[in-house]
Amino acid sequence: QVPLVESGGGLVQVGGSLRMSCESSGRAFGSFAWAWFRQAPGKEREFVAAVTWRAGKKVYLDSVEGRFAISRDSASNRVYLQMNNLKPEDTARYYCASRQTYCSGSGCYDAREYEDWGQGTLVTVSS
């Protein structure tokens, strides 16, 4: 069973918006933080945004801050990523991940510190 399941990716034009959702199947309950990463073809996986589950503190990659917003819904155990003013360079497969250990700021960027992952959802921004 996949720990996390993403939905909401798709094809959008430059300047458009998408809202993605990530749902936990159970193993991610009690995690310290959930995050979104992305991986474009031929590139390494890159941190996008994270939110701590209890305090709701948020961390963003500089290039998406002000355009993307991460949020969590404790009642439904979901995390969302609202993406606005999308650019061609945002094209990638987006992954949801969770971690049990503490992080803050750039300390949340390391993908190796996240234990559970989804299978990803593809976002394509056309110009």
Side-chain angles (χ1 to χ4, degrees):
Q1 189 177 14
V2 179
L4 300 168
V5 180
E6 305 95 338
S7 61
L11 175 64
V12 63
Q13 292 187 330
V14 170
S17 298
L18 281 175
R19 185 177 188 238
M20 298 191 297
S21 173
C22 174
E23 181 179 10
S24 169
S25 65
R27 281 172 46 180
F29 290 172
S31 298
F32 175 79
W34 290 34
W36 289 92
F37 286 78
R38 66 186 180 186
Q39 188 166 18
K43 295 189 177 181
E44 293 187 354
R45 191 166 296 190
E46 172 183 58
F47 172 86
V48 176
V51 60
T52 62
W53 196 253
R54 288 188 178 182
K57 292 185 177 181
K58 301 171 184 180
V59 182
Y60 294 98
L61 180 69
D62 286 348
S63 63
V64 307
E65 189 152 19
R67 299 190 297 123
F68 291 10
I70 189 170
S71 61
R72 86 242 191 269
D73 182 342
S74 301
S76 63
N77 287 299
R78 289 175 180 262
V79 170
Y80 301 95
L81 186 68
Q82 176 68 42
M83 305 186 294
N84 300 322
N85 190 21
L86 283 159
K87 304 176 180 181
E89 53 264 39
D90 295 318
T91 294
R93 179 167 291 275
Y94 285 70
Y95 297 88
C96 181
S98 66
R99 62 184 289 162
Q100 299 294 327
T101 55
Y102 171 86
C103 70
S104 66
S106 60
C108 298
Y109 287 20
D110 190 347
R112 296 170 297 180
E113 298 297 324
Y114 291 78
E115 297 90 4
D116 289 324
W117 291 82
Q119 293 184 319
T121 183
L122 186 62
V123 172
T124 303
V125 184
S126 65
S127 57

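Considering only heavy atoms from C-beta on, Arg99 comes within 4.5 Å of Glu115 through its side chain. Between Pro88 and Val14, some side-chain heavy-atom pair lies under the 4.5 Å cut-off. Using a 4.5 Å heavy-atom threshold, the side chains of Ile70 and Trp34 count as separate. Side-chain contact between Met83 and Val64: absent, with no pair of heavy atoms (C-beta onward) separated by less than 4.5 Å. Using a 4.5 Å heavy-atom cutoff, the side chains of Val51 and Tyr80 are not in contact. Looking only at side-chain heavy atoms (C-beta outward), Leu61 and Glu46 come within less than 4.5 Å of each other.
Evaluated for a ring-ring contact (aromatic ring centres under 6.0 Å, His included) with Phe47, the options Tyr94, Tyr109, Tyr114, Phe68 yield exactly one hit, Tyr109.
A ring-centre distance under 6.0 Å is not found for Tyr95 and Phe37.
The two residues Val123 and Leu18 have their closest heavy-atom pair at CG1-CD1, 3.9 Å.
Checking side-chain atoms of Arg93 against main-chain N and O of Gly120 turns up a donor-acceptor pair under 3.5 Å. A donor-acceptor distance shorter than 3.5 angstrom exists from the side chain of Glu6 to the backbone of Gln119, with no hydrogens or angles considered.
Rounding to the nearest 0.5 angstrom, the gap separating the CG atom in Leu4 from the OG atom in Ser21 is 10.5 Å. Distance OH/Tyr60 to CH2/Trp36: 12.5 Å, rounded to 0.5 Å. Rounding to the nearest 0.5 Å places NZ of Lys58 at 14.0 Å from SG of Cys108.
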